[in-house]
Every structure is written in C-alpha cells, then in structure tokens.
Amino acid sequence: MINEALREINRGAAEIIDSERVEKLLKAYFEEGKNYTVKAGFDPTAPDLHLGHTVLLQKLATFQKYGGRVQFLIGSFTAMIGDPTGKSATRKVLTKEDIVKNIKSYTTQAFKILDADKTDIVYNNEWLDDLGAAGMLQLASNLTVARMLERDDFSKRYASQTPIAVSEFMYPLLQGYDSVYLKSDIEIGGTDQKFNLLMGRQLQKSYEIKKQQAVLMMPILEGLDGIQKMSKSLGNYIGVTDTPNDMFGKVLSISDDLMWRFYELLSTKTLDEIAALKVAVEDGSKHPKVVKEELALEITARFHTQEEASNAKIEFDKIHSKSQIPTDIPEFECDGDVWIAKALLDCNIEPSTSQARRDIKQGGVKIDQEKVTDDKLQLTTGEYLLQVGKRKFAKLKVK
RNA sequence: GGUGAGAUAGUCAAGUGGCCAACGACGGCGGACUGUAAAUCCGCUCCCUACGGGUUCAGAGGUUCGACUCCUCUUCUCACCA
C-alpha cells in the first residue's frame, strides 16, 4: 500500500529532493494516520489555466489521496513584485482587481481536480504584509548576492546586461519565507521553480524549523506539437475552459508518443492500468486511436461533464471519421442571385473571390454535398449548404 | 557623431534595366491517402464576376520606350568605429 502510494507520487516527477522525508511522512500516515502539508504556490497573473498547469494540481490530488493536506498558496503579495522565472524582462505589476478576479477563476478551475475538504487556500499577503522592513532585512540577510546570481535566469540577465530590479531578488526569498511561515512538509512546483523551491529549504533551516520541506518538481508539459512547452503564447495549449468539442479534438490531434506522456502526467488511471494499455497497443489487441479517445474522454469529462464529453466524441466522429456535417453551422442571408465565389466570401468561409475560384477549380467546394465544377455559377433563390474543404461550412439563404 | 550594409508577399529569403505578380523554403489552403486535425504524395498560394483588368518589392521624387533592379532625398534596421 505504501509502495503503491510512493509509486504514484513518483510518477512523472522530474526530481525529488529529500525523498526520505516523503517516505517518512507517508509511513507516518499509513501507520499512525498522521497528516502532513503539501504546499504549492500559484501566481494569479493570468486568468486561465491550461493542461500544463493541471499537472501540478493532479500531483496535489495524489497527495490528498495519501494523507496530504494541500496548502494552496495564492501569491497575492508576490504578484505585485513579478517573478522573473522564464521571462527575461521585468514583469508588469497587476492591479488588485485583476488579481482578485484571477484568483476566483483559478480556484473554481482547480477544484475540478482537488478535493476541497483537504485544501487550505492561503494568501501570502496575510503574513507578508506584516513582515515589515525589519523582517524583510532579516530575511534578506540570509542570502548573499553571489548566491542569488547562481540562479540561471539572473546570471544570464546579468551577463547580457539586461536589467534586474533589486526587488526581483526578493521574490525567491518571499516564496521561501512562505514555507517558513506555513511550516510546509513538502512543496511541489515545476522544474523551472527549482531555485525558489530550494530557497524554502534553506530558509526553513535558517529559521530553525526542525524538518526542512521535501521538494518535488514536475516536468513542464509539452504542447500539442510535442516539442515546445505548452503555453498560451505558442498557441499549442489545451485550456481548461476550452469547449468540450475543442478539448476532445485537441487531445485526439496529439501524436501517439505524446499520448503516453499525457497519460502519465494527466490521467487518473493508475500506472498499472496505463502499462496494460501500452501492452495492448503493442500487441495489436487495442487500436491506438481507441486508447487516445479514452484519454480525450477522460480529460474532457474532468473539465466538463461525462455527457458533454461523449457528445464531443460523437460530434468528432461525425465530422472527421464519417465526414458528415457538424451540428452548428453559421447561417447567412443575402438578396437576389449571387455569384458562388462572392457568396463564399460573404459567408466568411473564403478570404477572397480569387481563393474561392481556386478552390472550386480544385474540387474543394460543395453545395448541398455536391461538388461544384462551374466557377461562374449563380445561386438563385433558395437555401444552400455551402462547404469548403472538409471543415468549413455555412448555410446561406438567398432571397 | 562617423563609416559601411540593408529594407522584397503571412514569415524567412532569391532577384542587380525588359524573360517579374516576382526562384526557393516554411506556413496556409485544397485534393489523395490514413484511426487522426499526424506522416506522406499532388496542386494552389496579391486583388478583381477574370483567357482580360488593377495594385505591389520601406516612402517620396527623378532617369528611361521600359525599373524590384540606376540616381536623389526621407524614414527605419543592422554592423564596425568613436
């Protein structure tokens, strides 16, 4: 049982520092029913989460299953400083209203994965506001500039003469101080957070907390392309607020290799179940597409409902596997006889009449499922279903 | 501040007086194929009710029968020097 728990906790983790501590905590839970705390910090700078963020949440949920109590820390104070991680420029500061709004949307999204009864939402301004100048100085005296500059991001910026605000040095310190205040037993975060996570251990030691927190780092999830990290700016993400249809379709579009990665990091299936699926695909008893659909269903259902997920699957099959017509098609109206190319342009399924004529020539345009061959065709009064390629549809009513 | 190089379609990048609506690559779009929105192959890729017309190669002028290509100025970018 305890081994099973350890396996699930280790699952997908990039690195664990002080894994003996984790083992001890688990042992105490299984043998004496003692709980422990797992801290994870969230930066309320962007309103929407994508699947990359949920990797951490998923791991927290695993801990909750095995006696962990989650300290869901909102960086309400630190959001005003700007964490330099990953960005090589000083970040802009958010207004209070933005932060409050973001927090709200964060937590509703997070509780689709986390067990609310085993989660404490904490805001770090609660104790950081009171830290005061004296406390701040004391905190800062624990670290030297040389040690700060060890951080990869800082050293790069320093070397390339990109400005580093002194306040940015405070960020890792404050994040570390959060762990001191909360007396966290374990902290988890992405690999890009390593420096900050270790700071928690360092400061806990300085502030004479007997046991330093263990640190568990999760890898950064790849995006749909399977190469770059999942991020909004790269456009290769699956947002947790994506519509069921989008979500389902996006998961199905990933490569077979990436599918296993998603299984490992995002599925709630156990490692044994996943291993079984892998074997089944390899020996041909299961089709990889079926396995991928299972994954897509699971993920879609988590953020929507079971029913919406199944509908998304039906819709997907309709359009892609059987090349039928989707359910929702935008409708348009126009007067008199219309030239087909102009009609396609007006329905926003072609960018120009030139492009429309090209597509007609190549046999890519259909009216009511019939291929159009005449690029001079005039549409007379009636209703038409226009289609360009496999995916662009419009209904047009000619009066 | 000085000197030199450069600015070409969504992006990168050829083109040094007519053969240029402009090579090529990527992207995008169609088609075939596929379990897939992947991979692969084929075609298309400025606009216009079009075997023709219009507007493009940083901007403004000029030379020329004719300019993306030559000249002048302007704006911006980069490199080296100070």
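Here is the naming used below: chain letters follow the sequence lines, and residue numbers restart at 1 for every chain.
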Next on the checklist: Without decimals, in angstroms, what is the distance between A:Gln355 CD and B:G28 P?
Outcome noted: 14 Å
Checklist entry - Hey, does A:Lys292 reach any base, or is it just sugar-phosphate, or nothing, if we go heavy atoms under 4.0 Å? => result base
Item to check | Under 4.0 angstrom between A:Ser253 side-chain N/O and B:A38 OP1 or OP2 | outcome: no
Next on the checklist: Can a donor-acceptor pair be found, under 3.5 Å and without considering hydrogens, that links the side chain of A:Arg69 to the backbone of A:Asp117?
Outcome noted: yes
Checklist entry - CD1 of A:Ile254 versus C1' of B:G35: gap in Å, rounded? => result 14 Å
Checklist entry - With a non-hydrogen cut-off below 4.0 angstrom, is A:Ser352 in contact with a base, only sugar-phosphate, or nothing? => result sugar-phosphate
Checklist entry - Can you check the A:His287 NE2 to B:U36 P distance for me, whole Å? => result 9 Å
Next on the checklist: Need the pair for B:C12. Rule: Watson-Crick or G-U wobble, both distances under 3.5 Å, any strand; none if unpaired.
Outcome noted: B:G24
Checklist outcome for this item: B:G1 -> Watson-Crick or G-U wobble partner, both distances under 3.5 Å, gives B:C81
Checklist entry - Whole-Å distance between B:A38 C1' and A:Met259 CE? => result 13 Å
Checklist entry - To the nearest Å, how far apart are A:Gln387 CD and B:G31 C1'? => result 13 Å
Item to check | B:A21 versus B:C57 - spacing of their C1' atoms, nearest Å | outcome: 10 Å
Item to check | Rounded C1' spacing from B:G15 to B:A22 in Å | outcome: 8 Å
Checklist entry - Can you tell me how far P in B:A67 sits from the matching atom in B:U56, rounded to whole Å? => result 12 Å
Checklist entry - Without hydrogens or angle criteria, can the side chains of A:Gln204 and A:Ser179 be said to hold a donor-acceptor pair below 3.5 Å? => result no
Checklist entry - Which whole-number value in Å describes the distance from A:Lys361 NZ to B:C29 C1'? => result 15 Å
Checklist entry - In Å, rounded to the nearest 0.5 Å, how long is the span from CD1 of A:Ile367 to CD1 of A:Ile340? => result 3.5 Å
Checklist outcome for this item: So CG of A:Leu114 and OG1 of A:Thr107: to nearest 0.5 Å the spacing works out to 10.5 Å
Next on the checklist: Please give the distance between the C1' atoms of B:C80 and B:U11 as a whole number of Å.
Outcome noted: 29 Å
Checklist entry - Taking the same atom, C1', in B:U55 and in B:C48, what whole-Å distance lies between them? => result 10 Å
Next on the checklist: Taking any heavy-atom pair under 4.0 Å as a contact, classify A:Gly389: base, sugar-phosphate, or nothing.
Outcome noted: sugar-phosphate
Checklist entry - B:C47 phosphate, OP1 or OP2: any side-chain N/O from A:Arg358 under 4.0 angstrom? => result yes
Next on the checklist: Under 4.0 Å, heavy atoms only, any strand: does A:Lys366 hit a base, just the sugar-phosphate, or nothing?
Outcome noted: nothing
Checklist outcome for this item: Between A:Gly249 and A:Arg357, the residue closer to the 5' end of RNA chain B by nearest nucleotide is A:Gly249
Item to check | Pairwise P distance, B:G10 and B:U45 [rounded to whole Å] | outcome: 15 Å
Next on the checklist: Of the listed nucleotides (B:C33, B:A50, B:G30), which one gets closest to any side-chain atom of A:Lys390?
Outcome noted: B:C33
Item to check | Given RNA chain B, 5'-ward residue of the pair A:Asp359 and A:Lys250, judged by closest heavy atom | outcome: A:Asp359
Item to check | B:G24 and B:A14, which share atom name P, separated by this distance in whole Å | outcome: 15 Å
Checklist entry - OP1, OP2 of B:A38 versus side-chain N and O of A:Lys289: anything below 4.0 Å? => result no
Checklist entry - Does a sphere of radius 6.0 Å around CD in A:Gln306 hold more than 12 heavy atoms from other residues, nucleotides or ligands, not counting ones at 6.0 Å or beyond? => result no
Item to check | Partner nucleotide of B:A7 by Watson-Crick or wobble geometry (both distances under 3.5 Å) | outcome: B:U75
Next on the checklist: Please report the distance, rounded to the nearest Å, between CG in A:Leu386 and P in B:G30.
Outcome noted: 15 Å
Checklist outcome for this item: Answer for the Watson-Crick or wobble partner of B:A38, both distances under 3.5 Å, is none
Checklist outcome for this item: Re B:C46: Watson-Crick or G-U wobble partner, both distances kept under 3.5 Å, found to be B:G54
Next on the checklist: Could you tell me how far B:G1 sits from B:C19 if I compare only their C1' atoms? Round to whole Å.
Outcome noted: 47 Å
Next on the checklist: I'd like to know whether the aromatic ring centres of A:Phe42 and A:Phe72 sit less than 6.0 Å apart in this structure.
Outcome noted: yes
Checklist outcome for this item: Separation of B:G35 atom P from A:Lys286 atom NZ, nearest Å, is 18 Å
Item to check | A:Asn10 (side chain) donor-acceptor with A:Leu6 (main chain) under 3.5 angstrom | outcome: yes
Item to check | For B:U64, the Watson-Crick or wobble partner whose two distances fall under 3.5 Å | outcome: none
Checklist entry - What nucleotide among B:A37, B:C47, B:U49 has an atom nearest to a side-chain atom of A:Trp339? => result B:U49
